[in-house]
There are 2 protein chains.
Amino acid sequence: MPKELNAKSPENQVPTMLDVARRAGVSAMTVSRALKKDGRVSDATRERILAAVNELGYVLDQSAGSLSSRKTGFVAAIIPSINNSNFADTARGITDELENTGLQLLLGYTDYTAEKEEKLIEAMLRRRPEGIILTGGTHTDHARRMLESAGIPVVETWELPPKPIDQVVGFSNEEAMALLVRTLARKGYRKFGYIGGTTSRDTRGSQRRAGFVKAIEELGLPPGRLVSFGVPPISIEQGGQAVVGMLERWPDTEVALCVSDLSAFGAVMECKRRGIRIPQDIAIAGFGDFEIAAYCHPTLTTVNVDCYGIGKQAARKLIQSIKGEDNGLSQEIILTSYRVVERESA
Amino acid sequence: MPKELNAKSPENQVPTMLDVARRAGVSAMTVSRALKKDGRVSDATRERILAAVNELGYVLDQSAGSLSSRKTGFVAAIIPSINNSNFADTARGITDELENTGLQLLLGYTDYTAEKEEKLIEAMLRRRPEGIILTGGTHTDHARRMLESAGIPVVETWELPPKPIDQVVGFSNEEAMALLVRTLARKGYRKFGYIGGTTSRDTRGSQRRAGFVKAIEELGLPPGRLVSFGVPPISIEQGGQAVVGMLERWPDTEVALCVSDLSAFGAVMECKRRGIRIPQDIAIAGFGDFEIAAYCHPTLTTVNVDCYGIGKQAARKLIQSIKGEDNGLSQEIILTSYRVVERESA
DNA sequence: CTGTTAGCGCGTTCAC
DNA sequence: GTGAACGCGCTAACAG
């Protein structure tokens, strides 16, 4: 503890509202009012109270307050990983939108597993959040049940779940990847490869792969060469290894699409290292439009996703539901934008 | 809200422990015991209780519980930004160490300003965390006072504050940057440049710059050419612009050290784009050893910092203090490791 | 504008 | 092994 921690002398206890009240010569209720913006308290007493607050170093105990007011001021958000800049952007969108609403974020991450998500959802619900934001539409049955009986608004993001729990803010990963294939096919590429992870843990990754396969078929192109490499989310390094494997097995591949910009970046850098020219010898495209995509050399063709906007809009919907302004539109699905960004690599 | 939200019919309310108790034919106290691992309850009643919990979809209300037990189970952590992979790694270290301790993380970010930090600290203290982890040693006076009167363990990280509040887990950014200078001087570089942000908002950045200047002086090298560009944290793009500016003003610069890998990466890529050879025409080094540093082309010489370990050790110290196992060692300062990683760019 | 009373949902404590 | 009374720190509701 900071400074001397001399036992539990009363002086050393964290002060309560009652301590402040006594010092200011008022009741606890008046202190409570003075500490809210809307509280009707005379300026004189408010001043005395604030002085007492300062002298004692008093900080409101919101746990106690929310028990009484039946509003915790918490909003929960669950993302796959904090170490992925796309999801970090979403988290920032949520936080920014929450600013000045008095709502505080409880953030957790699942490591891309539904089991961790379930645990996390329970841990969060124990804090009685007033709303919750999830990533994706794949949850355990138990998680779904808990969410349904929690009686709070739920927003699923980053995908378009076939069976939404409540509200949705996202886009079709399948369509977005298909759009990338079509765009590149129009540029003349015909022999497509796809680099992604080995399991379906990352549901968005699976959807992108499905979109790839579907688009290739629809365009009547030669069957796509699918390379699975590493447990999702696959890293920069794995992207490099995967592209090498792809070129060994299918040396005539014209363009490799990667499940995310990280693997695409790894693929690009590994090719440069080996003297393989991009896009002449092989073109490469990513997904997500991470910051590096615009600045690496060659710059990376990719699909830009409105990560920040997903967070912002999800939080906005949640706030509307919480404040009771949702006018029965709560089941509305908000589609977020995506677009192919054509740069040098493909 | 999920499913039908038919007014406030009692059926639709979130069940309390009493509801579970009634359904299982026991008292609320017995339910409380059954839901802890250490509770002494007969297997028969526990089973009945767990069945009731399941049927009702009951989830413990921890806010209420912690009010009574006087333990919130919260730990607060404040980092400059969630969108910086170094700090995201620290956050992950904290979370990993917290797993299975029953402690839950309250995460906030300051955008590198002491004012936001102060607000955040107050917001967190309102939740009565059992401990708090901060980044750096620069805080407002009010923040220091609040922390001191909160009566909880505090860990400052990522730096070595001259006046620590309580515990410290970090390293000297000054020394780390000086080490980089000495290492590169030994390789023969003599004309050093430094690229960093324009303000001292990023205290670690300022310390690195100070370490740069000091080391140059100590080695008796020609004065370092300091380029300030952009409000910290400076981006990939700004790193590219800054190196261009540096080469215009001081074309004979042999090596440019950057405040972080992001700006260094931007500098490297911009040079490649302009056909400037690295390291022959100019060498570049970064700081932080981000994932891209190892995989970009050319690979980036940088200073590796144990970001994850900082988080892990900070959380470990906090847990020890909270569980009361700190044996009076609480003022101990834990130094985390750093090392220069020599790669291709310098 | 201010005070009083009651109770939020749980865990502590003590009794049985 | 189980229950009852009580209170954690605060705010809703009502009174004055």
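Quick note: numbers below take in every heavy atom, side chains included, and nothing from hydrogens, waters or symmetry partners. Chain identifiers are assigned alphabetically (A, B, ...) following the order of the sequence lines, protein sequences preceding nucleic acid strands; residue numbering begins at 1 within each chain.
Between B:W158 and the options B:N86, B:T90, B:T203, B:T336, a side-chain hydrogen bond (donor to acceptor under 3.5 Å, both in side chains) holds for only B:T90.
The side-chain hydrogen bond (donor to acceptor under 3.5 Å, both in side chains) check on B:E130 picks up nothing, with sequence neighbours excluded. Remark: B:R92 pairs with A:N83, A:D111 by the side-chain hydrogen bond (donor to acceptor under 3.5 Å, both in side chains) rule, at least two apart or across chains. For the side-chain hydrogen bond (donor to acceptor under 3.5 Å, both in side chains) test, residues two or more places apart in sequence or in another chain that qualify with A:T30 are A:S27. Applying the side-chain hydrogen bond (donor to acceptor under 3.5 Å, both in side chains) criterion to A:T45, with sequence neighbours excluded, gives A:S42.
The side chain of A:T45 places no N or O atom within less than 4.0 Å of a non-bridging phosphate oxygen (OP1 or OP2) of C:dC1.
Of the charged side-chain nitrogens involved, none lies within less than 4.0 Å of a carboxylate oxygen, so that B:K119 and A:E99 do not count as a salt-bridged pair. Salt-bridge annotation for B:E122 and B:R126: present, with a side-chain N of the basic residue lying under 4.0 Å from a carboxylate O of the acidic one.
If you take CZ of B:R22 and C1' of C:dG9, they are 13 Å apart, rounded to a whole angstrom. Rounded to whole Å, atom P of C:dC1 lies 15 Å from atom CD of A:E47. Distance CZ (A:R127) to C1' (C:dC8): 17 Å, rounded to an integer number of Å. For A:K71 and C:dG9, the NZ to P distance is 14 Å, given to the nearest whole Å.
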Atom pairs under 3.5 Å: protein N/O with N/O of nucleotides 9-12 of chain D:
| unit_1 | atom_1 | unit_2 | atom_2 | d |
| --- | --- | --- | --- | --- |
| D:dG9 | OP1 | B:R70 | NH1 | 3.0 |
| D:dG9 | OP1 | B:R70 | NH2 | 2.6 |
| D:dG9 | N2 | A:A64 | O | 3.1 |
| D:dC10 | OP1 | A:Y58 | OH | 2.2 |
| D:dC10 | OP1 | A:D61 | N | 3.4 |
| D:dC10 | OP2 | A:M17 | N | 2.5 |
| D:dT11 | OP1 | A:K36 | NZ | 3.4 |
| D:dT11 | OP2 | A:S32 | OG | 2.4 |
| D:dT11 | O4' | A:S68 | OG | 2.7 |
| D:dT11 | O2 | A:S68 | OG | 3.1 |

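Nearest heavy atom pair, residue A:I79 against residue A:A91, reads CD1-CB, 4.4 Å.
Pairing analysis of DNA chain D (Watson-Crick: purine N1 to pyrimidine N3 plus N6-O4 or O6-N4; G-U wobble: N1-O2 and O6-N3; both under 3.5 Å) yields stems of 3 or more pairs at C:1-16 with D:1-16.
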